[in-house]
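Residue numbers run from 1 in the order of the sequence given.
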Amino acid sequence: MPANAAARRSRPPPREVRGGRFWNRPWFEVLQFAVFVGALLGLAVSGAMRMGYNWQWYRIPAYIAEIADGELIWGPLARGLLVTLELTGWSVLLTLAIGLTAALLRLSDSFSGRILAKSYLEVVRSTPLLIQIYLFYFVLGPILGLDRFWVGVLALSVFEGAFAGEVIRAGILAVRRGQWEAGASLGLTRIELYRSVILPQAIPLMLPPLTGIVISLIRNSAIVSVIAVFDLTTEARNIIAETFLSFEIWITVAAIYLAFTVVLSAFATRLEHRVST
């Protein structure tokens, strides 16, 4: 039997038709997820009822947005969300820059550059993010003259940049050796080789793990509330302190974070498909 025919026979059938079993169908996976989420919400509701909690969902829309005298007024949760998005946007840019720099230093021929990058990775990945934020806020912030917003951006970027650097380095090393040799034989400089040959092939490999880092950055941005950056989490805590709407506010905030991470994951999947084709 030809090798190609044997390989085709050895491949498992597509997931949708494998065995014809319904639990392998996409709709059943969606149903499982819906049941799981429903069970969690039911657990929260039953726990609140046992506590005698008075649900006041009707008050939540006013903390997002309301119309007064024909004018749209954004609530504290919406304003906090804008701060979170701004914080995340700047952090993503700085994270990619730090990660690319760390990856190139680790791949460079410079001994001091490799030691510097390795030390940065070990220190950042071996210490808690909360401690790093405090160090940036109480030590580096006053020295560099940064306000709390930019301290949060810098702390998140330095932390996530360590993980992004390893992802970028792995993507670059995944490019076949022949591509490096072909670029060198054409007389390309190292910068031209990275820009025209290596990075275009490495980017599709980097996208899935980098998406995970961006999603992690969005989630970790909530921790900047410890230095009183008025992001979504800080605004939620302030509302709860005034109204005691703990369940409603935290469920709403969790839903907002979930919505943004799901949309980002879908966008990154589509982008990865377009880049790889």
Side-chain angles (χ1 to χ4, degrees), residues 81-108 113-114 116-137 140 149-175 194-195 198-227 229 231-233 253-276:
L81 177 60
L82 291 177
V83 174
T84 295
L85 293 178
E86 183 182 4
L87 180 78
T88 302
W90 286 111
S91 298
V92 168
L93 295 177
L94 194 54
T95 293
L96 294 178
I98 293 174
L100 180 61
T101 302
L104 294 179
L105 283 176
R106 290 205 64 189
L107 294 172
S108 69
R114 294 197 303 270
L116 178 63
K118 185 67 174 179
S119 301
Y120 157 68
L121 294 175
E122 291 299 326
V123 170
V124 170
R125 293 190 300 178
S126 301
T127 55
L129 175 58
L130 181 61
I131 302 301
Q132 294 178 31
I133 288 180
Y134 282 140
L135 288 175
F136 274 90
Y137 183 65
L140 291 181
F149 176 86
W150 290 107
V151 166
V153 169
L154 186 59
L156 289 173
S157 302
V158 169
F159 181 78
E160 297 293 347
F163 300 94
E166 289 299 274
V167 169
I168 295 173
R169 185 176 72 93
I172 292 174
L173 292 177
V175 178
Y194 273 111
R195 184 181 66 244
I198 303 304
L199 289 181
Q201 297 182 64
I203 285 175
L205 304 175
M206 301 175 192
L207 279 179
L210 284 179
T211 302
I213 288 176
V214 173
I215 292 174
S216 174
L217 200 155
I218 294 175
R219 295 196 307 264
N220 289 337
S221 66
I223 204 172
V224 300
S225 61
V226 300
I227 57 174
V229 175
D231 67 326
L232 181 59
T233 303
V253 170
I256 292 173
Y257 277 113
L258 178 63
F260 273 94
T261 54
V262 168
V263 170
L264 180 61
S265 298
F267 172 76
T269 301
R270 184 175 180 83
L271 179 63
E272 177 190 359
H273 177 73
R274 293 193 62 178
V275 171
S276 60

Run Phe159 and Leu217 through side-chain contact (heavy atoms from CB on, under 4.5 Å) and show every step you take. CA-CA 9 Å; Phe159 181 78; Leu217 200 155; over 6 Å; no
For side-chain contact (heavy atoms from CB on, under 4.5 Å), just list the numbers for Leu107 and Leu173, CA-CA rounded to whole Å, side-chain angles, deciding distance to a tenth of an Å, and then say yes or no. CA-CA 9 Å; Leu107 294 172; Leu173 292 177; 3.6 Å; yes
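Taken from CD in Glu122 to NZ in Lys118, the straight-line distance is 4.5 Å, to the nearest 0.5 Å. Residue Leu154 holds its CG atom at 4.5 Å from CZ of Phe136, rounded to the nearest 0.5 Å. Annotation: the span from Ile218 atom CD1 to Thr84 atom OG1 amounts to 9.5 Å, rounded to 0.5 Å. From Arg169, atom CZ reaches atom CZ of Arg106 across 4.0 Å, with rounding to the nearest 0.5 Å. To the nearest 0.5 Å, the span separating CD1 on Ile203 from CG on Leu210 amounts to 9.5 Å. Distance check: Arg219 CZ to Ile223 CD1 gives 12.5 Å after rounding to the nearest 0.5 Å.
Under the 3.5 Å distance criterion, the side-chain polar atoms of Gln132 are matched with a main-chain donor or acceptor of Thr127. Between the side chain of Arg114 and the backbone N or O of Ser108 there is at least one donor-acceptor pair closer than 3.5 Å. Panel note: side chain Tyr137, backbone Val151; no donor-acceptor pair is recorded below 3.5 Å.
Annotation for Ala202 and Gly171: closest pair CB-O, 3.3 Å, computed over non-hydrogen atoms. Contact between Asp231 and Ser221 at its shortest, heavy atoms only, is OD2-O, 3.4 Å. In terms of heavy-atom proximity, Val167 sits nearest to Met206 at CG1-O, 4.0 Å. Considering all non-hydrogen atoms of both residues, Leu105 and Gly113 come closest at CB-O, 3.7 Å. Contact detail for Pro204 and Pro200: the closest heavy-atom pair is CD-O, 3.3 Å. Shown here for Ser265 and Ile215, the closest heavy-atom pair between the two residues is OG-CD1, 3.0 Å.
Annotation: side chain of Leu205 is not in contact with side chain of Ile172 (no heavy-atom distance under 4.5 Å).
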Return a table of donor-acceptor pairs under 3.5 angstrom between the side chains of residues 89-103 and protein atoms on other chains or two or more places apart.
residue: Ser91; atom: OG; partner: Leu87; partner atom: O; Å: 2.7
residue: Thr95; atom: OG1; partner: Ser91; partner atom: O; Å: 2.6
residue: Thr101; atom: OG1; partner: Ala97; partner atom: O; Å: 2.8

Which side-chain N or O atoms in residues 254-261 pair as donor and acceptor under 3.5 Å with protein atoms at least two apart or in another chain?
residue: Tyr257; atom: OH; partner: Thr233; partner atom: OG1; Å: 3.1
residue: Thr261; atom: OG1; partner: Tyr257; partner atom: O; Å: 3.1
residue: Thr261; atom: OG1; partner: Leu258; partner atom: O; Å: 2.9

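Checking Val158, Ile227, Asn220 one by one against Ile133, the side-chain contact (heavy atoms from CB on, under 4.5 Å) holds for a single residue, Ile227.
Contacts of Glu86 classified as salt bridge (Lys or Arg N to Asp or Glu O under 4.0 Å), with partners at least two apart in sequence or in another chain: none.
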